[in-house]
Amino acid sequence: MPTFHARSNIADVVAQADAREAIRGIAPEVLDSPLANGETSFPLARILGVILDGGDPRIAELVAALGGIEDRTPRPPVGEPIVPTSDYEGDDVAPASADVTLPVGAAANRMAELAIAGPSHGNPFVDVDLTAVFTFGERELHVGGFYDGDGRYLIRFLPPVPGAWTFVTASNARSLDGIDGVLEIVPGDAPGAVHADGMHFAHADGTPFVPAGTTSYAWTHQEDERQEQTLAALAQTSFNKLRMGLFPKHFIYNENEPERFVFPREGDGWDTTRFDLDFFRHLEKRIDQLDGLGIQADLIFFHPYDRWGFAELGAAVDDRYVAYVVRRLAAYPNVWWSLANEYDLLLTKDAEDWDRIGTLVRENDPFDHPLSIHNWVDIWDYSSPWATHASIQYGELLGGKVREWRRAWSKPVVVDECGYEGDIDQGWGFLTAEEEVARFWAIAMSGGYATHGETYWAEGDVVFWAKGGELRGASPARIAFLQSLIADSPTGRLEPLPSDFDAVHAGVAGEYVLISFGGGQPAFRTVTVPDGVRARIEVIDAWNMTIEPVAGLHEGAVRVELPGRPHTAIRWIAESASA
């Protein structure tokens, strides 16, 4: 029989009479805490450490006592794997007999779509498997196809280089098996998909990509008018990545019922053997629109804020959903993957599940889009081979932690949740704009990347972080200013450099250096230009977004007069070698 354990949902524990009595006998104050009685799933041991003092010996006593009590929480049924069979079409169907339509004018680094008119009996979403191998010289890419309804199958290809790419299909459906041809790809001007590039990111054409994202978890689950308003707001910013969920979200300031879902409804539940094509076509429209704005869609597969049952589908349905999404969307050049928002609150999945799902994404994405997983408290070990970068929630002592994480994993570090500018009644969502900007600077100066969020409340519980709409905060313009300083670097990136105890240095050693004083307010500072270099020196006001040059070219030790207020930095740029 299953019993309660350290990762059991504390809400399930307190809902059961015998477990409540065990708690009452050991630590009755737990039952009075809103953290033990809310709708959100919290792991038992971790949240006991919040409710009680973290070192309270009663925590271990409680977990041990509850471990002897049967967990009788009702669980939704989970589906079984469905394996396509070889007899989907009979021997009377000729192999490779389905008609295929090739794209015209397909360009490198843009999606090229092959459409095949095939069979529609049974349930082709699960009864048919379709793949293709694309070959150009020594390059070979394995691409999964998918069913798009009405007897239409699609194979979407993201060609990395121009040329004559040959292809051949494989399928358990005889009419779809062995179709071959040539796809002519012309040169294009798109930079291509983003990939991890050492500690940073770059497009397929080698152009550096410096993520400065924002967050709107459920914007595509709102009414169309608000979605259009969200796109218009994003167009006025420099944000180039948007964190967004595939499933809707049930949480404070976000409790509306969406019009469309990943799966079609079936009675009071969902038909998890099929996919709602209206949902996906609408999502694809929005991904295309984000691409037109130069914004990467950071798509989140799972999250714990759920009233529809999507967080507890079971491994077979999880895998079917993930494989379909990746096959369908991987050829969009502006897609990133996030396995979960706050994975450690998804209490029915463990590390082995996440490794399985991450591997599944990699197997179905031949175009190597960025892939990560995001935490609540327990930071993932990003040495996982499927993880291309770190995606972290953390709001304190950011600079030193970012450097530590870079050393630990030798991968890009994105602090995707460092706190939100806003005025709601939650500590994570009432940061000042000054604090939001300061955190962006601290992360950037340590070689990492940050993601913004805005949580100003408006009538109707409209909060951009959840639903989109209008952006009202003061931080986006200052974040854009920081982006411009990074873009001015010779490499278009910042590397952490040896720093002072009271100021952080970053840039390109010997060529381009930013020196940030954070919340300090020095009235002057002596800057040392390296031997053999003449440099321009400038005083930067990160809040007022000004750059004031210090007259002349400078060598050696230079006293720089400063305004004596917070958010000040110095920049020096090598102009020439000294005689």
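Computed from a predicted structure; not experimentally measured. This chain uses plain numbering: 1 for the first residue, then up along the sequence.
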Taken to the nearest 0.5 Å, the spacing of L299 CG from H369 NE2 works out to 9.5 Å
In short, G358 meets L371 closest at the heavy-atom pair O-CD2, 3.7 Å
Nearest 0.5 Å please: distance from the CD atom of E417 over to the CD atom of E342. 5.5 Å
Whether over 12 other heavy atoms sit under 6.0 Å from E352 CD: no
Does E470 CD have over 12 foreign heavy atoms under 6.0 Å away? no
Between E259 and E223, is any pair of side-chain heavy atoms under 4.5 Å apart? no
Criterion side chain to side chain donor-acceptor pair (under 3.5 Å) on N341 and Y217, from CA distance to verdict: CA-CA 10 Å; N341 185 57; Y217 287 122; 3.3 Å; yes
F263 and ring-ring contact (aromatic ring centres under 6.0 Å, His included): which partner among F275, W270, F280? F275
Does the distance from a Lys or Arg side-chain N to an Asp or Glu carboxylate O, for D365 and R327, drop under 4.0 Å? no
Candidates F125, F310, F247 - the one meeting ring-ring contact (aromatic ring centres under 6.0 Å, His included) with Y321: F247
Has D350 got a side-chain atom pairing as donor or acceptor with D353's backbone, closer than 3.5 angstrom? yes
Please find out if less than 6.0 Å separates the ring center of F209 from that of H195. no
Stepwise side-chain contact (heavy atoms from CB on, under 4.5 Å) test for L242 and W219: CA-CA 10 Å; L242 180 65; W219 77 282; 3.4 Å; yes
Donor-acceptor pair, E436 side chain versus S475 backbone, under 3.5 Å? no
Quick one: are R226 and V462 in side-chain contact, heavy atoms under 4.5 Å? yes
Carefully, step by step, assess H142 and E363 under the rule side chain to side chain donor-acceptor pair (under 3.5 Å). CA-CA 9 Å; H142 294 251; E363 291 172 349; over 6 Å; no
Quick one: does any side-chain atom of N109 pair with a main-chain N or O of A190 as donor and acceptor, under 3.5 Å? yes
Out of curiosity, L231 CG to I295 CD1, how far, rounded to the nearest 0.5 Å? 7.5 Å
Worked verdict on V361 versus W386 for side-chain contact (heavy atoms from CB on, under 4.5 Å): CA-CA 8 Å; V361 173; W386 50 263; over 6 Å; no
Does K411 count as lying over the ring of Y382, i.e. NZ or CZ under 6.0 Å from the six-ring centre, within 45 degrees of the axis? no
So, E89 side chain and R174 main chain: donor-acceptor pair closer than 3.5 Å or not? yes
Which value, rounded to the nearest 0.5 Å, describes the distance between F167 atom CZ and F134 atom CZ? 6.5 Å
Check whether any side-chain N or O of H121 sits under 3.5 Å from a backbone N or O of Y88 as a donor-acceptor pair, and report yes or no. yes
Taking the side chain as everything from C-beta on, heavy atoms only, tell me whether W336 gets closer than 4.5 Å to V194. yes
Which heavy atom of A212 sits nearest a heavy atom of I479, and at what distance? CB-CG2, 4.3 Å
CA sep, side-chain torsions, deciding dist, call: E421, W465, side chain to side chain donor-acceptor pair (under 3.5 Å): CA-CA 10 Å; E421 177 191 351; W465 148 89; over 6 Å; no
Examine Y449 together with H389 and report whether their ring centres are nearer than 6.0 Å. no
Would you call the rings of Y147 and Y153 parallel, tilted or perpendicular, where under 30° means parallel and over 60° means perpendicular? tilted
Shortest non-hydrogen separation from Y512 to L485 and the atoms involved: OH-O, 2.5 Å
Any salt bridge between R286 and E228, counting N to O under 4.0 Å? yes
Just to verify, which of V322, L339, D318 counts as forming a side chain to side chain contact (heavy atoms under 4.5 Å, CB included) with L360? V322
Using atom types as modelled and distance alone, determine if a side-chain donor or acceptor of T215 lies under 3.5 Å from a backbone N or O of H452. yes
To the nearest 0.5 Å, what is the distance between CE on M244 and NE2 on H221? 7.5 Å
Please check if the side chain of R406 supplies one atom and the backbone of G447 the other of a donor-acceptor pair under 3.5 Å. yes
Go through it in stages, so that I can follow the logic: the residues are S391 and D416, the test is side chain to side chain donor-acceptor pair (under 3.5 Å), and I'd like the CA-CA distance, side-chain angles, deciding distance and then a yes or no. CA-CA 6 Å; S391 171; D416 270 317; 2.6 Å; yes
Applying salt bridge (Lys or Arg N to Asp or Glu O under 4.0 Å), run through E404 and K401 and close with a yes or a no. CA-CA 5 Å; E404 174 187 320; K401 296 301 293 186; 3.2 Å; yes
Stepwise, does the salt bridge (Lys or Arg N to Asp or Glu O under 4.0 Å) test hold for D148 with R328? CA-CA 9 Å; D148 191 44; R328 182 160 191 133; 2.8 Å; yes
Using atom types as modelled and distance alone, determine if a side-chain donor or acceptor of D150 lies under 3.5 Å from a backbone N or O of R152. no
In the structure I gave you, are the side-chain heavy atoms of N334 and I287 within less than 4.5 Å of one another anywhere? yes
Distance-minimising heavy-atom pair for D291 and P333: OD2-CG, 4.2 Å
I'd like to know if E284 pairs up with R281 as an ion pair, taking the criterion as any Lys NZ or Arg NE/NH1/NH2 lying under 4.0 Å from an Asp or Glu carboxylate oxygen. no
So which atom in V508 and which in T491 form the shortest heavy-atom distance, rounded to 0.1 Å? CG2-OG1, 3.6 Å
With a 4.0 Å cut-off on N to O distance, would you call D278 and R260 a salt bridge? no
Please step through side-chain contact (heavy atoms from CB on, under 4.5 Å) for the pair M111 and Y332, ending with a clear verdict. CA-CA 6 Å; M111 182 169 64; Y332 283 84; 3.8 Å; yes
Do Q227 and Q289 have side chains that approach each other closer than 4.5 Å (heavy atoms only, starting at C-beta)? no
Is the side chain of D180 donor-acceptor paired with the backbone N or O of T166 at a distance under 3.5 Å, no angle test? no
Passes side-chain contact (heavy atoms from CB on, under 4.5 Å), L471 versus Q236? Steps please. CA-CA 9 Å; L471 281 164; Q236 301 303 310; over 6 Å; no
Between V128 and S171, which heavy-atom pair has the shortest distance, and what is it? CG1-OG, 3.9 Å
Count the heavy atoms of every other residue, nucleotide or ligand shown that sit under 6.0 Å from CG of D189, and state whether that count exceeds 12. no
Between R493 and D197, is there a side-chain N and carboxylate O pair less than 4.0 Å apart? yes
Any salt bridge between R307 and E257, counting N to O under 4.0 Å? yes
Which class fits the ring pair Y305 and H303: parallel under 30°, tilted 30 to 60°, perpendicular over 60°? parallel
Rounded to the nearest 0.5 Å, what separation is found between the CD1 atom of I373 and the CZ atom of F302? 10.0 Å
State whether the side chain of T388 and the backbone N or O of A196 hold a donor-acceptor pair below 3.5 Å, judged by distance alone. no
